Amino acid sequence: MRALRVVGLHEDGKSIVLEDPASRTRFLLPADERLRAAARGDITRLGQIEIELESQMRPREIQARIRAGESVEQVASGAGISVQRVERFAYPVLLERSRTAELAQSAHPVREDGPDVQTLGEVVAYGFGVRGHDYSQATWDSWKGDDGRWVVVLQWKAGRSDNRAHWAFSPGAHGGTVTALDENAEVLLDPNAYRPPRTVRALDPAREAEFQPTLDSVPPERAELPSAEPDPDDDTREIPRVPADPEDDTDTNQPRPKAKKNHPIVPSWEDVLLGVRSQRG
């Protein structure tokens, strides 16, 4: 136990400033009736003060607050009493809450057409499995509301979010029934509410080239190739060569080459790709 020394009165006039000589850490001590009684050595008065403080919350009130869902620490902090005193009266109520939560898992969820054949625990375990959650890490608890009905809560962690689902539990024959009280509870009871996300796989670079369109991969009906049949309106058919100057034609009696009929010129692949109509003779 470390010994503290008194530094003086705090500026609020209601606390005494203490200091640890070794670490120079300072503390505040309320200057209340207990401190004055302890300074006088009045043990009788200290005992009376303790009884007065404990009597501010009776055991029945402590149990009622615990049954309503508060924790031991919350009750002790709100009443200004020790945690040990609250625990003495809270223990049987905490057992009651744990037992009720266990019974509720064997109850049957209420559907539109009546109670489900499966139990709440079975339906929730299936929902966790579908979503990939760890059901073993989820915790069950219960408390009694102001209306006298038991409320069951399931708490679990998914990623970075803390989630809760609440049901109203009505004990009865064959395990009783439970009714969803919030959206999370309704979703867990609906097996069709979850749709697994579609997986997206990266395309293998080695196979990516197989999907690149090439000239050979173009369907025949889409490739604009020249028709093998002659077009009577086609002006690109070969015609005889006429010299620019008649005098340059030294042999006028020489028969001229005849035009080829029904044999259109097939353009080269470069002309097809560039969209150029062939004018070759």
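Excluded from the calculations below are hydrogen atoms, water molecules and symmetry mates; all remaining heavy atoms, backbone and side chain alike, are included. What you are looking at is a predicted structure, and each value in this text was computed from that prediction instead of being measured.
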Considering all heavy atoms, the nearest D20-A3 contact: OD1-O, 4.2 Å
Would you compute the distance between atom CZ of R111 and atom CD of Q118 and round it to the nearest 0.5 angstrom? 8.0 Å
Is the W156 ring parallel, tilted or perpendicular to the H133 ring (thresholds 30°, 60°)? tilted
Say whether, by atom type as modelled, one donor and one acceptor occur between the side chain of D182 and the main chain of H166 under 3.5 angstrom. yes
Are V17 and L4 linked, directly or through intermediate hydrophobic residues, by side-chain heavy-atom contacts shorter than 4.5 Å (ILVMFWY only)? no
Using the rule that two of Ile, Leu, Val, Met, Phe, Trp, Tyr join whenever any of their side-chain heavy atoms come within less than 4.5 Å, decide whether L188 and Y135 are in one cluster. yes
Which of these passes side-chain contact (heavy atoms from CB on, under 4.5 Å) with W167: V110, T177, L154, T179? L154
Within 6.0 angstrom of R40 CZ, more than 12 heavy atoms from elsewhere: yes
Counting only pairs under 3.5 Å, give me each side-chain donor-acceptor contact of residues 92-100, with atom names and distances, residues two or more places apart or in other chains.
{"from": "E96", "atom 1": "OE1", "to": "R67", "atom 2": "NE", "distance (Å)": "3.1"}
{"from": "E96", "atom 1": "OE1", "to": "R67", "atom 2": "NH2", "distance (Å)": "3.2"}
{"from": "R97", "atom 1": "NE", "to": "S142", "atom 2": "O", "distance (Å)": "2.9"}
{"from": "R97", "atom 1": "NH1", "to": "I66", "atom 2": "O", "distance (Å)": "2.7"}
{"from": "R97", "atom 1": "NH1", "to": "E70", "atom 2": "O", "distance (Å)": "3.2"}
{"from": "R97", "atom 1": "NH2", "to": "D141", "atom 2": "OD2", "distance (Å)": "2.7"}
{"from": "T100", "atom 1": "OG1", "to": "E96", "atom 2": "O", "distance (Å)": "2.8"}

Any donor-acceptor pair under 3.5 Å linking the side chain of H108 with the backbone of L120? no
Sequence-distant partners of V83, side-chain contact (heavy atoms from CB on, under 4.5 Å), two or more places apart: V72, A76, E87
Are F128 and V153 connected into the same hydrophobic cluster when the rule is that any two of I, L, V, M, F, W, Y join if their side-chain heavy atoms are below 4.5 Å apart? no
Do V75 and F89 come close enough that some side-chain heavy atom pair is under 4.5 Å? no
Would one find more than 12 heavy atoms of other residues, nucleotides or ligands at under 6.0 Å from atom OH of Y91? no
Test of understanding: clusters of I, L, V, M, F, W, Y form through side-chain heavy atoms closer than 4.5 Å, transitively. Do V178 and W140 belong to the same one? yes
Looking at R149 and D147, does any basic side-chain N land under 4.0 Å from a carboxylate oxygen? yes
Could you walk me through whether L18 and V7 pass side chain to side chain contact (heavy atoms under 4.5 Å, CB included), step by step? CA-CA 5 Å; L18 305 177; V7 176; 5.9 Å; no
Measure the CZ-CD distance between R65 and E61 for me, rounded to the nearest 0.5 Å. 6.5 Å
Can you measure from CD1 (I16) to CG (L9) and round to the nearest 0.5 angstrom? 7.0 Å
